[in-house]
Amino acid sequence: MHIATWNINSVRARVDLVERFLRERSPDVLLLQETKAKDSEFPIETFLPLGYSTARTGQASYNGVAIISRSPIEDVETEFVGSEGPAEQRRLIFGTVKSPSGRPVRVCSVYVPNGKALDSPAYPEKLAFLRRLGETLSARGLVGDSPLMPLVVGGDFNIARDARDVFDPVQMAGKLHFSEEERTTFDALLSLGLVDLFRESSSEAGLFSWWDYRMQAFRRNRGLRIDYLLGNRLATQTLDRAHIDREPRGWTRPSDHTPVIAEFTNL
DNA sequence: ATGACTAGGTAGCCTAGA
């Protein structure tokens, strides 16, 4: 089973790139972030002939997440536990899909707030978002030593985990995306029982998932690893490999992010 | 210190992204 995550930076502006990715990579599941489309504007009909169904939750202009899956998507959830009504910013979607061997797998597409700046009100909201995600996964029995079913969370976390994940650790020290507090909060989420699947496959530095559009950052490989696939214990124990697919960042009119892909055997 | 790109919504080119 292949599961991918990709911050697409507008699904309508890049519907052809999503289509190309589905055709060329044939993932079983593609988790999208920053779709920037209301549900009524999401091009679900483009993916149907390719054999994919879609669950999405979006809004105009900003945010928006989706699950694109070869198998039907069931038990869709789009709010944190304990939420009073729908969140204004559409950043979270869960669904249950079936693996090629017919087993249920819980998947989640998440778009963690950027935080804007360390002194912005958006910054504590970013940290709170990560904690609420952890509370939701715990409340649903999806993390810990004996989770209810395999879980793969994919998304743009807007945090680089360590020095290998930033182009210049000295320049980035203490900055947004790489502050101690952000990294500690992300670590706390992982300590609930989630594994950074890419790091199961590679300990190499300088492998990034995002490059700024400006200053030829991609050509110069000045990027960050801020997009992750996370597996709970049941998912991680069947992981074959995970990698960053750099190629789509070089396609015409690309997203500033590139996909991360995990391949599971016997999931 | 600032801006460098890009998309979306709107008709203010500005907000937001990272």
Side-chain angles (χ1 to χ4, degrees), chain A residues 5-19 21 31-43 46 56-66 87-92 109-130 154-183 185-186 198 206-228 244 246 248-260:
Chain A
T5 186
W6 194 5
N7 178 321
I8 194 62
N9 186 16
S10 172
V11 70
R12 287 175 295 165
R14 278 177 256 289
V15 66
D16 53 328
L17 299 196
V18 176
E19 200 175 341
F21 182 79
L31 305 166
L32 292 178
Q33 301 87 37
E34 277 205 270
T35 55
K36 297 186 176 179
K38 292 185 282 190
D39 292 352
S40 57
E41 312 259 321
F42 196 106
T46 307
R56 75 282 194 215
T57 184
Q59 64 187 95
S61 301
Y62 308 117
N63 309 311
V65 287
E88 215 171 291
Q89 300 187 348
R90 310 310 301 155
R91 294 177 177 273
L92 178 74
S109 179
V110 62
Y111 177 43
V112 175
N114 166 292
K116 288 187 172 71
L118 295 178
D119 59 0
S120 161
Y123 177 72
E125 289 168 15
K126 176 180 192 173
L127 304 176
F129 185 97
L130 287 164
D156 175 359
F157 284 77
N158 274 314
I159 298 172
R161 289 191 63 208
D162 64 54
R164 296 170 295 180
D165 302 323
V166 298
F167 61 90
D168 186 340
V170 174
Q171 189 211 298
M172 281 297 293
K175 299 272 172 58
L176 189 71
H177 300 107
F178 199 52
S179 69
E180 279 298 321
E181 196 175 20
E182 287 167 277
R183 294 158 63 190
T185 306
F186 193 14
F198 171 78
L207 298 178
F208 305 131
S209 65
W210 170 86
W211 299 262
D212 201 303
Y213 283 121
R214 299 167 290 188
M215 303 294 286
Q216 303 185 82
F218 181 55
R219 187 184 59 73
R220 297 157 64 204
N221 197 36
R222 291 174 64 85
L224 301 171
R225 190 172 74 95
I226 53 177
D227 299 270
Y228 299 85
I244 296 171
R246 276 178 62 98
R249 185 61 178 81
W251 291 348
T252 305
R253 290 223 307 152
S255 167
D256 45 356
H257 298 251
T258 211
V260 184

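Each chain gets a letter, A, B and so on, in the order the sequences are listed, and its residues count up from 1. Computed from a prediction, not measured in an experiment: that's the story for all the values here.
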Original post:
Per the atom types in the model, does the base of B/dA18 pair as donor or acceptor with the side chain of A/N158 at under 3.5 Å?
Top reply: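 Donor-acceptor pair under 3.5 Å: no.
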
Between the side chains of A/E34 and A/Y62, is a donor N or O closer than 3.5 angstrom to an acceptor N or O?
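No, A/Y62 and A/E34 have no side-chain donor paired with an acceptor closer than 3.5 Å.
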
What interatomic distance, in whole Å, is found between [atom1] of [M] and the corresponding atom of [N]?
N	M	atom1	value
B/dG9	B/dA4	C1'	23 Å
B/dA18	B/dG12	C1'	25 Å
B/dC13	B/dA1	C1'	23 Å

* To do: Return the 5'-most residue of the pair A/M215, A/L224 with respect to DNA chain B, ranking by each residue's nearest nucleotide.
  =>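 Final value for this comparison: A/M215.
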
**Prompt:** If you pin A/K36 and A/Q216 to their nearest nucleotides in DNA chain B, which one's is more 5'?
**Reply:**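 Result of the comparison: A/Q216.
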
Nearest to the side chain of [X], heavy atoms from C-beta on, is which of [options]?
X	options	answer
A/Y111	B/dA7, B/dG17, B/dG3	B/dG17
A/W210	B/dA16, B/dA18, B/dG9	B/dA18
A/R253	B/dA4, B/dA16, B/dA7	B/dA7
A/S10	B/dA18, B/dG17, B/dG8	B/dG8
A/R12	B/dG17, B/dG8, B/dG3	B/dG8

| query | Taking the side chain from A/K38 and the backbone from A/S61, do they hold a donor-acceptor pair closer than 3.5 Å? | reply |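 Not a single qualifying donor-acceptor pair exists.
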
- Sidechain-backbone polar pair: A/N63 side chain, A/G58 backbone, donor-acceptor under 3.5 Å: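 No.
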
Review point. What residues form a ring pair (Phe, Tyr, Trp, His ring centres under 6.0 Å) with A/F21, not counting sequence neighbours?
Key: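 A/F21 satisfies ring pair (Phe, Tyr, Trp, His ring centres under 6.0 Å) with A/W6 only.
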
Determine: side-chain N/O of A/H257 to OP1/OP2 of B/dG17, distance under 4.0 Å, yes or no.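 False: A/H257 side-chain N/O out of range (4.0 Å or more) of B/dG17 OP1/OP2.
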
Separation of atom CG in A/L118 from atom P in B/dA18, rounded to whole Å
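So the two atoms are 15 Å apart, to the nearest Å.
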
Report task. Send over the distance from A/Y213 OH to B/dG17 P, rounded to a whole Å. Result ->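 The distance from OH of A/Y213 to P of B/dG17 comes to 14 Å, rounded to the nearest Å.
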
